[in-house]
J.: 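Let me begin by handing over the structure; questions about it come next.
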Amino acid sequence: NPTEPTAEQLQLFNRSNLTVEAIGVTEKVGSRQYSTWRNWKAYEGFDKVLPEEQFFTKTGYSKEATRAKQYQQHTAIVGLSGATIFLIGTVIEIKALVGAFKASEEGDVSGTSAKYKPLVWGLVIEGIGTVLWYWARDRHNWASYSSVSSIADEYNKNLMVQIQKDIGPK
């Protein structure tokens, strides 16, 4: 039968417990509410932010920590790829514009539309790069909020039991 924690036990618990905060606003689409189910932040104590991988490691979920790390790495690769693709599209655009400008200065108007085709491709490539970069920039967590919230609750229950064992009543 658990006893009421002492002030000392409660302070130690509050400095060490895990909380998970949903980030963002719940969206309403039609009559349905959609929560930020993969956009959350974990804290230890009052203000120590725990990255997703560290959260799972601390709570004993090593397989999930590995998967969260892999997801983070994959997201970083996608973001970097998006930025690179965007830059390639920009270079193609600049080359097309310079070529078309030189041709028009020389009075060569034959095949002008053909000279602008690379410009269109550059814009398309830039668009693809932008989408990838924004997706990675606005990355959400690998695990859902409801999963990590229940893991934090279980961790906190065990934490209080351990604190009460370590620091008995006075």
Side-chain angles (χ1 to χ4, degrees), residues 1-91 122-170:
N1 189 16
T3 60
E4 285 295 315
T6 65
E8 181 185 9
Q9 292 170 340
L10 205 50
Q11 283 179 354
L12 184 57
F13 174 79
N14 287 332
R15 290 182 183 120
S16 305
N17 75 334
L18 299 181
T19 55
V20 181
E21 173 187 25
I23 305 296
V25 179
T26 302
E27 297 177 24
K28 186 172 183 174
V29 179
S31 62
R32 299 198 64 180
Q33 292 273 84
Y34 293 93
S35 67
T36 55
W37 64 285
R38 288 209 188 268
N39 199 5
W40 52 268
K41 191 180 285 189
Y43 297 90
E44 179 179 10
F46 294 103
D47 60 358
K48 181 182 178 190
V49 176
L50 292 178
E52 187 173 17
E53 176 189 0
Q54 194 175 346
F55 171 86
F56 283 119
T57 300
K58 184 162 194 67
T59 56
Y61 286 80
S62 58
K63 288 180 185 177
E64 289 74 11
T66 301
R67 292 196 57 196
K69 181 178 181 179
Q70 290 169 343
Y71 180 77
Q72 180 184 13
Q73 291 170 340
H74 168 76
T75 301
I77 289 168
V78 169
L80 190 57
S81 299
T84 303
I85 290 169
F86 179 86
L87 290 174
I88 290 169
T90 301
V91 169
L123 287 168
V124 169
I125 292 169
E126 271 185 348
I128 292 168
T130 301
V131 167
L132 291 173
W133 184 79
Y134 270 104
W135 177 84
R137 189 192 78 157
D138 294 335
R139 160 189 111 70
H140 300 301
N141 301 89
W142 167 74
S144 70
Y145 171 77
S146 59
S147 296
V148 295
S149 181
S150 63
I151 290 170
D153 290 344
E154 187 64 30
Y155 176 87
N156 291 335
K157 286 178 195 171
N158 293 333
L159 177 64
M160 182 53 86
V161 169
Q162 189 62 46
I163 289 171
Q164 288 183 324
K165 282 182 187 176
D166 292 346
I167 304 173
K170 293 189 177 179

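Numbers for residues simply follow the sequence, beginning at 1.
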J.: Is the backbone N or O of Tyr145 less than 3.5 Å from a side-chain atom of Arg38, with the two atoms forming a donor-acceptor pair by type?
T.: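 Not a single qualifying donor-acceptor pair exists.
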J.: For residues Phe56 and Ala143, report the shortest heavy-atom separation together with the two atoms involved.
T.: CZ-CB, 3.5 Å
J.: Search all heavy atoms of Val78 against all heavy atoms of Trp135 and return the closest pair with its distance.
T.: CG1-CE3, 3.6 Å
J.: How long is the straight-line distance from CD of Gln70 back to OG1 of Thr75, given to the nearest 0.5 Å?
T.: 11.5 Å
J.: Side-chain atoms of residues 10-20: list all donor-acceptor pairs with protein atoms under 3.5 Å, sequence neighbours left out, distances to 0.1 Å.
T.:
from: Asn14; atom 1: ND2; to: Leu10; atom 2: O; distance (Å): 3.3
from: Ser16; atom 1: OG; to: Leu12; atom 2: O; distance (Å): 3.0

J.: For Phe55 versus Val148, what's the shortest heavy-atom pair and its separation?
T.: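 Closest approach of Phe55 to Val148: CZ-O, 3.4 Å.
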J.: Please list, chain by chain and in numerical order, all residues satisfying side-chain hydrogen bond (donor to acceptor under 3.5 Å, both in side chains) with Gln162, sequence neighbours excluded.
T.: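 Testing Gln162 for side-chain hydrogen bond (donor to acceptor under 3.5 Å, both in side chains), a comparison that skips the adjacent residues, returns Asp166.
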J.: Just how far is it from atom CD1 of Ile128 to atom CD1 of Ile88, taken to the nearest 0.5 Å?
T.: 11.0 Å
J.: What's the separation between atom OG1 in Thr90 and atom CD1 in Ile85, rounded to the nearest 0.5 Å?
T.: 12.0 Å
J.: Could you check whether any side-chain N or O of Glu52 sits under 3.5 Å from a backbone N or O of Trp142, counting only pairs where one atom can act as donor and the other as acceptor?
T.: yes
J.: What's the spacing between Gln164 CD and Leu159 CG if we round to 0.5 Å?
T.: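 Spacing of CD (Gln164) from CG (Leu159) equals 10.0 Å.
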J.: Give me the atom names and distance for the closest heavy-atom approach of Ala83 to Trp133.
T.: CB-CD1, 4.1 Å
J.: If you compare all heavy atoms of Glu21 against all heavy atoms of Tyr43, which two are closest, and at what distance to 0.1 Å?
T.: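 That closest heavy-atom pairing would be OE1-OH, 3.1 Å.
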J.: If a pair satisfies side-chain hydrogen bond (donor to acceptor under 3.5 Å, both in side chains) and one of its residues is in residues 53-69, list it, with sequence neighbours excluded.
T.: Glu44-Lys58
